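Since this is a predicted model, take the numbers as computed values, not measurements. Nothing fancy with the numbering, it's 1 onward along the sequence.
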Amino acid sequence: MEAFSFPCEPVANSAAVVSGSNYRFTVVNDTVLRYEWSEDGQFEDRASAFAINRNFSPPDFTVNDTEEKLEIITQTYHVTYDKKRFSRSGLAVGFASKVTLWGADWRFGETASDNLGGTARTLDEVDGRCDMGHGILSRTGFSTLDDSQTMLFEQDGTVAPRRAGDRIDGYLFCYGHDYKKGMKAFYDISGRQPVLPRWALGNWWSRYHPYSADEYLELMDRFASRDVPLSVAVVDMDWHEVKGDHIPHAGWTGYTWEKQLFPDPEAFGRALHDRKLKITLNDHPHAGVHHHEEPYEAMAKALGHDTSKKAPILFDPTNAKFMKAYLDVLHRSLEKETCDFWWIDWQQGPISRVPGLDPLWLLNHFHFRDHVNQNGEGRGIIFSRYAGPGSHRYPVGFSGDSIVTWESLKFQPEFTATASNIGYGWWSHDIGGHMGGFRDDEMATRWVQLGVLSPIFRLHSSHSQWTSKEPWNYRKEHCAVMEEFMQFRHRLVPYLHTMNVLGGAQPLVRPLYWEYPSRAEAYEKANEYFFGSSLVVAPVVEPRNPETNLAKTDVWVPPGRHVDLFTGLVYDGDRELQMFRPLEFVPVLAPEGAIVPLDADATPENGCKNPTRLEVVVVVGKDGDFTIIEDSTDDVDATSGGTSDRKIMLSYQQAEGRLRISKSSKQWTIKFLSVTRIPKDLKVSVDGQETKSRASVQASSAATPGLVLDVPAGEAGREAEVEITLGPDPQLDVWDVTQRLTDWLMGVQMRFDVKDKIRAIGLDGDAPLASRIGGLLGLGLDDAVLGPVVEWLTADSRKPGTG
């Protein structure tokens, strides 16, 4: 199994170790302390499921060692230990951080209060909230992780349980309010998140349904005919034989194609690949390989299994010989036909023939390492459930079968963001919910919007004829929004892939408190999150008001002026407010200085290849930069070969209003968001030569107002630098809300005379803002009507004409 070994440094630097006959402490760094106790004096230096790296240069520390007491003192923590079996009274650690008025300390066996949560193994049958366990982050500035029971990795890539006996193996993280420091230490010890293949960032189609090959291909073609791109075709368990008297078990496990549905699997696979789609097959391996399976004889030969009595080959992931045959014989034969990666659907719990070895852990580890071995680093992927700390090394996560309700939708943004606290950044949810619940087109649409602004977008449903998630199954209004957002997901891939490459220690979706740990608002807005480096998302998870046709979401705008990516509305920062959105939009905020690259094609094709033309959204007001990262093997005309990163640097200097783009062969559309005047000093240069550029302005009544520049393309394939200058210190426009308020009032279901009063008060620009708000309050309006008007009037404190 040496092929499945992986880079790790599990043996700690000897200079970091303080030990005795039954105890050992490792000062991993100034953030982490490892503490071990063993009744027989043997300690563990093998990599564990959680900890694969322990070899770091230790910080400065001192040791005071007497016959009865041991002290270890670093700059950030002070250990006091009585040299006996760890106990609450015998092992204590004090912290130098001042995150509370009374300080903080930890005693062995205690759990830090105010832990901010981690994630759960599955959302199966969850309707609303579930327990998210414990993560690394706590508002008290420290946390512990018990690693005493996890499996271990041998040097040759095999796995082993812990030694028997009374043993304690734990890690204490202390970071104060520097949450990013705490999570960096976690990733340093447990390994970074791997880079995903670019195509994994597009739209996945999935449904638990017995498709035939023709039905599946027809469905893919219908998506294409509607200009809705896809990148991954998921084929659930009915690809294999499920029913029949010849199947000696319940049918969930199978490795023989169902020929009535898929008479020619290889042709089916070629047809999907011709459509630029990757394929994953569902695998429930629990029942092993029985005599009716086509690969039975080959597996038996590889294992020396006696077939004379048609005895089944039992699933045993603890057996290295079995796992080798399981991957090299059983799965490889199917991969050659029609499978690019596996959906490992293990639901049978953590028990195996060897205590301490969780079958899900074993499947995730060996499947992922096998896929990396077959495809190379940055090309490995599996689709499986979370198995505990360290699982972030085996993306992508399958969160299970949630219930189709608003309560489930409301929980998923928080659930996804909180998983970052245990390093788990690539959750894939059943968008729209899997089963049960009820039909609600608005809920389904909001779920699609959340999915597009999530780590992985995958539509999924049960086999019920009522739950399938094709957008055209929904009412026209909802179908249009779903399709537009699915197009937008593929347009986002240039941004997402850069985050993917850079995100080894910083997940794509992160809670607000990662950046603002001292702000109460960052904890209170659990459903709002950072989405990559440049965006803040506040999903809509409540239905619209029938009178106003707007849905409400509570938002904290972080410090600094922000612009809504979809509406162009400008908001003062560092404030809480309610935002109201029609079905077409959700709040996606970009701060001044943000640069967001998009595919310039409004209807991208399948497969997520590198686009030849990019649209770059720039938010003026502050300096900013962004480096687009691509792999040249993802080019449309690329030939097979090793990966090769390509970087395109974009930088914006506010003082000159200048955007620079480094050499590339791309064609460019630049959009200066919420700038609606063509500057008189506008200059566009290509390789230092000033050139004419088509400039246009999208007015304030447009969905995304801004100044749009199409940079003339150079010779085909020629690399060129681009420079655009707007002039000194350009500012975001201050919006006159007249047209926006009037357009909205037109559709509000209410008395005409009240509409007149709202418009007169709201648009009375000569009256102080407080007076106008007071006048609106005096009308006795419902919050659903008052809220949107207040949002627009108070969004930007600047006066018109000062932008």
Practice problem: Give the intermediate values and the outcome of side-chain hydrogen bond (donor to acceptor under 3.5 Å, both in side chains) for residues Thr122 and Arg385. | Solution: CA-CA 7 Å; Thr122 181; Arg385 298 171 193 265; 3.0 Å; yes
Taking the side chain as every heavy atom from C-beta outward, state whether [X] and [Y] have any atom pair closer than 4.5 Å.
{"X": "Gln654", "Y": "Pro730", "answer": "yes"}
{"X": "Glu542", "Y": "Lys410", "answer": "yes"}
{"X": "Leu201", "Y": "Ser231", "answer": "no"}
{"X": "Asn203", "Y": "Leu459", "answer": "no"}
{"X": "Thr119", "Y": "Trp427", "answer": "yes"}
{"X": "Ser391", "Y": "Trp361", "answer": "yes"}
{"X": "Asp631", "Y": "Val195", "answer": "no"}
{"X": "Pro591", "Y": "His562", "answer": "yes"}

All N/O donor-acceptor pairs, side-chain side in residues 528-535, below 3.5 Å, sequence neighbours left out:
{"unit_1": "Glu528", "atom_1": "OE1", "unit_2": "Trp556", "atom_2": "N", "d": "2.9"}
{"unit_1": "Tyr529", "atom_1": "OH", "unit_2": "Leu453", "atom_2": "O", "d": "2.6"}

Looking only at heavy atoms, what is the nearest atom pair of [X] and [Y], with distance?
{"X": "Leu512", "Y": "Val536", "answer": "CD2-CG1, 4.2 Å"}
{"X": "Ile52", "Y": "Gly191", "answer": "CD1-CA, 4.0 Å"}
{"X": "Thr416", "Y": "Pro455", "answer": "CG2-CD, 3.6 Å"}
{"X": "Leu650", "Y": "Ile595", "answer": "O-CD1, 4.1 Å"}
{"X": "Asp623", "Y": "Ala655", "answer": "OD1-N, 4.4 Å"}
{"X": "Asp340", "Y": "Leu277", "answer": "OD2-O, 4.4 Å"}

Would you give the length of the straight line joining atom [atom1] of [X] to atom [atom2] of [Y], rounded to the nearest 0.5 angstrom?
{"X": "Tyr179", "Y": "Leu137", "atom1": "OH", "atom2": "CG", "value": "6.5 Å"}
{"X": "Asp564", "Y": "Leu673", "atom1": "CG", "atom2": "CG", "value": "8.5 Å"}
{"X": "Glu483", "Y": "Thr603", "atom1": "CD", "atom2": "OG1", "value": "11.5 Å"}
{"X": "Cys130", "Y": "Phe415", "atom1": "SG", "atom2": "CZ", "value": "5.0 Å"}
{"X": "Met486", "Y": "Phe223", "atom1": "CE", "atom2": "CZ", "value": "5.0 Å"}
{"X": "Asn606", "Y": "Trp199", "atom1": "CG", "atom2": "CH2", "value": "13.5 Å"}

Assign the ring pair [X] / [Y] to parallel, tilted or perpendicular, where the plane angle (0 to 90°) is split at 30° and 60°.
{"X": "Phe626", "Y": "Tyr495", "answer": "parallel"}
{"X": "Tyr394", "Y": "His365", "answer": "perpendicular"}
{"X": "Phe341", "Y": "His371", "answer": "perpendicular"}
{"X": "His460", "Y": "His434", "answer": "parallel"}
{"X": "Tyr171", "Y": "Phe50", "answer": "perpendicular"}

Salt bridge (charged side-chain N to carboxylate O under 4.0 Å, His left out) pairs, two or more places apart, involving [range]:
{"range": "residues 591-605", "result": "Lys276-Glu605, Arg561-Glu592"}
{"range": "residues 654-669", "result": "Glu630-Lys666, Arg658-Glu723, Arg660-Glu723, Lys663-Asp687"}
{"range": "residues 184-201", "result": "Lys184-Asp188, Asp188-Arg192"}

Main-chain N/O of [Y] paired to [X] side chain as donor or acceptor, under 3.5 Å:
{"X": "Thr418", "Y": "Pro511", "result": "no"}
{"X": "Asn53", "Y": "Glu9", "result": "yes"}
{"X": "Arg581", "Y": "Pro539", "result": "no"}
{"X": "Arg379", "Y": "Gly376", "result": "no"}
{"X": "Arg613", "Y": "Gln667", "result": "no"}
{"X": "Asp634", "Y": "Asn610", "result": "no"}
{"X": "Tyr187", "Y": "Gly423", "result": "yes"}
{"X": "Thr31", "Y": "Gly182", "result": "no"}
{"X": "Lys469", "Y": "Gly433", "result": "yes"}
{"X": "Thr669", "Y": "Asp710", "result": "no"}

Quiz prompt | Cation-pi check, Arg139 onto Tyr523 ring (under 6.0 Å, within 45° of axis) | solution = yes
Exercise. Decide side chain to side chain contact (heavy atoms under 4.5 Å, CB included) for Asn500 and Trp426; before the verdict, give the C-alpha distance in whole Å, the side-chain angles of both, and the deciding distance to 0.1 Å.
Key: CA-CA 10 Å; Asn500 170 34; Trp426 291 112; 3.6 Å; yes
Quiz item: For the ring pair His490 and Phe488, is the centre-to-centre distance below 6.0 Å?
Solution: no
Self-check item: Selection residues 445-456 - residue pairs positive for side-chain hydrogen bond (donor to acceptor under 3.5 Å, both in side chains), sequence neighbours left out
Solution: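 Output for this query lists Gln412-Trp447, Arg446-Gln449.
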Quiz item: With no hydrogens and no angle check, do the side chains of His367 and Asp370 hold a donor and an acceptor under 3.5 Å apart?
Solution: no
Practice problem: Verify the distance criterion only: is there a donor paired with an acceptor across the side chains of Ser138 and Asn115 at less than 3.5 Å? | Solution: no
Self-check item: Under the side-chain hydrogen bond (donor to acceptor under 3.5 Å, both in side chains) test, residues paired with Ser190 that sit two or more places apart
Solution: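 Applying side-chain hydrogen bond (donor to acceptor under 3.5 Å, both in side chains) to Ser190 gives Arg393.
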Quiz prompt | Identified side chain to side chain contact (heavy atoms under 4.5 Å, CB included) counterpart of Leu116 within the set Asn421, Ile136, Ile422 | solution = Asn421
Exercise. For ring-ring contact (aromatic ring centres under 6.0 Å, His included), just list the numbers for Phe485 and Phe457, CA-CA rounded to whole Å, side-chain angles, deciding distance to a tenth of an Å, and then say yes or no.
Key: CA-CA 11 Å; Phe485 264 80; Phe457 178 87; 9.7 Å; no
Practice problem: Might you work through the ring-ring contact (aromatic ring centres under 6.0 Å, His included) test for Trp204 and Phe398, ending with a clear yes or no? | Solution: CA-CA 13 Å; Trp204 298 28; Phe398 165 51; over 10 Å; no
Practice problem: Apply salt bridge (charged side-chain N to carboxylate O under 4.0 Å, His left out) to the pair Arg458 and Asp430, showing each step before the final yes or no. | Solution: CA-CA 6 Å; Arg458 178 179 54 86; Asp430 288 356; 2.7 Å; yes
